[in-house]
Amino acid sequence: MCPELKQVVSTGSDKLVDKAVENSNEKFHTLVNPTCSAGSSTNFSSISLRATLNHLLDGAPDCYKMTAQHLQKSMYVDNCVTSVKSDADLTKFINESREIMALGKFELQEIAHKFEKWDRQLHQLNKLEIPRWIQGHKNSKHSLLVFCDASQQAYATCIFLRSVNQQGVTLSFSSSKITSSTSKSISISRLELLGCCIGLRLAKTICTDLEELGGIPVYYWSDSMNCLYWIKNDEQWATFVMNRVKEIRSGSEPLQWNYVPGNLNPADLPSRGCSVNTLITRRWGEGPAWLTEEEELWPISNLYPDKNIVKAEKKKSVVTSLFVSDYVREFLIRFSSFEKLIRVTAWMIRFCRNSKLEKSCRVTDILTPDELKEAEKKNPVDCPRDIICFR
């Protein structure tokens, strides 16, 4: 028995195949049996692992198909060794088996390292303090500031309540929401648009909760010029963008949406994630410092979107042009009924065919139903011009 082959194929597989292959039908029957006892978890693990390996082998690259088929027939080391004819075939089998099994591996050590690093930071959360009391007074001027951002990992929004009174400007953290991005096929600009949608929805909820403070003006901020261009321009966009833009424009005005540079956008942190230490040192819950300044000093910028991305989201329209020549129009208006038009067309088609045949082979009987049906499908443009113009 080859020790290298045993190391590759039987690592984690000896236990898998031991009795699981021989008794798979019996174990499956036990699995689905309602009277199955709780001690059948071992059976379930064996069958599940076998199914997982079969799924991996079914999806093996074409260059490894022969090796994958050998492994599917039997995972026993003895059978695998005896299925090869020479040392060269054995070496090839070992190498290809390694490559196939590597396709389904998990970087467990890397995942465990990241988890341990995250776990060591949890105790620092005791140092994080975010005031939950919203300092709202009747004599204060309030406004709700909604920030939206997105990354390839998630899209997020965070909202702050800005209160202005004789004592100065106070910022209070109101709420935030983060949604994981499960699809890698969505562009960043579309994710930014999704972030604006959840920002709008969350702002509606907060405005409802703060009705006692009166009508609070809401300002929306995003660092995506492409997204803001879609919102501010009422054009026909593609379905994905159009549906989100409609929702945003129905719940807010385009003038409420503003641009903020990414380094000044507080929603950048929750969309990308950060360590606990970063969350504490940056004092994220207190809001950006520039919001405490006069509104005239807030960031202002013209929109310079990526034209290629913006145009790619425009609704595609199909333009059909129909040109009818004069001689075809003249031919069509000669007849007072559709039936007469069809019969004349059928005679013209027969005439064209008869002209190419000898006299003895020409058709001279009355029109057949098949000829009339063919004439209905015939385009007058396809008819010879000389025949159509013949009076």
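Since we're looking at a predicted model, the values are computed, not measured.
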Within a strict 4.5 Å, meaning less than it, do heavy atoms of the [X] and [Y] side chains meet?
| X | Y | answer |
| --- | --- | --- |
| Pro288 | Leu264 | no |
| Lys377 | Glu374 | no |
| Arg353 | Val363 | no |
| Cys197 | Glu247 | yes |
| Gln72 | Asn54 | yes |
| Phe93 | Leu71 | yes |
| Tyr229 | Asp306 | no |
| Ile198 | Thr179 | yes |

Spacing of [atom1] belonging to [X] relative to [atom2] belonging to [Y], to within rounding of 0.5 Å:
| X | Y | atom1 | atom2 | answer |
| --- | --- | --- | --- | --- |
| Leu57 | Thr52 | CG | OG1 | 11.0 Å |
| Asn354 | Ile349 | CG | CD1 | 12.0 Å |
| Glu286 | Leu171 | CD | CG | 9.0 Å |
| Cys148 | Tyr155 | SG | OH | 12.0 Å |
| Ser97 | His70 | OG | NE2 | 9.5 Å |
| Phe160 | Leu144 | CZ | CG | 11.0 Å |

Is [X] reaching over with its side chain to a backbone N or O of [Y], donor-acceptor style, under 3.5 angstrom?
| X | Y | value |
| --- | --- | --- |
| Lys65 | Asp58 | yes |
| Arg162 | Leu291 | yes |
| Asn308 | Lys311 | no |
| Lys177 | Thr157 | no |
| Glu235 | Lys314 | no |

Report task. Enumerate the residue pairs fulfilling salt bridge (Lys or Arg N to Asp or Glu O under 4.0 Å) with a member in residues 262-279, sequence neighbours excluded, ordered by first and then second residue. Result -> Asp268-Arg272
Quick check: is [Y] connected to [X] through a chain of hydrophobic side chains (ILVMFWY, heavy atoms under 4.5 Å apart)?
| X | Y | result |
| --- | --- | --- |
| Val164 | Ile216 | no |
| Leu103 | Met101 | yes |
| Ile309 | Tyr259 | yes |
| Trp284 | Val169 | no |
| Tyr304 | Leu193 | yes |

For [X], I'd like to know if atom [atom1] has over 12 heavy atoms of other residues, nucleotides or ligands within 6.0 Å.
| X | atom1 | result |
| --- | --- | --- |
| Lys373 | NZ | no |
| Arg282 | CZ | no |
| Asn263 | CG | yes |
| Lys315 | NZ | no |
| Glu295 | CD | yes |

Query - side-chain hydrogen bond (donor to acceptor under 3.5 Å, both in side chains) against Glu253, all qualifying residues, sequence neighbours excluded - result: none
Considering all heavy atoms, the nearest [X]-[Y] contact:
| X | Y | answer |
| --- | --- | --- |
| Asn258 | Leu228 | O-CD1, 3.6 Å |
| Ser252 | Tyr220 | CB-CE1, 3.8 Å |
| Val260 | Asp223 | O-CB, 3.0 Å |
| Pro217 | His142 | CD-O, 3.3 Å |
| Ser175 | Leu202 | OG-CD2, 3.6 Å |
| Leu191 | Ser181 | CD2-OG, 3.5 Å |

Is a donor from one side chain sitting under 3.5 angstrom from an acceptor on the other, for [X] and [Y]?
| X | Y | answer |
| --- | --- | --- |
| Trp257 | Ser222 | no |
| Gln153 | Ser151 | yes |
| Glu192 | Ser224 | no |

Requested in this report: Apply the side-chain contact (heavy atoms from CB on, under 4.5 Å) test between Glu313 and each candidate in Thr239, Val241, Asn226; give the one that qualifies.
Outcome: Val241
Query raised in the report: How would you list, by chain and number, every residue that makes a side chain to side chain contact (heavy atoms under 4.5 Å, CB included) with Leu367, sequence neighbours excluded?
Result: Arg343, Ala346, Trp347, Arg350, Glu371, Leu372
Query - Intermediate values then yes/no, side chain to side chain contact (heavy atoms under 4.5 Å, CB included), Lys307 and Val310 - result: CA-CA 5 Å; Lys307 294 182 179 180; Val310 170; 5.7 Å; no
Query raised in the report: Which of parallel (below 30°), tilted (30 to 60°) and perpendicular (above 60°) describes Trp298 and Trp290?
Result: perpendicular
Requested in this report: Go through the steps for Trp221 and Leu145 under the test side chain to side chain contact (heavy atoms under 4.5 Å, CB included), then give the verdict.
Outcome: CA-CA 8 Å; Trp221 303 82; Leu145 307 173; 4.0 Å; yes
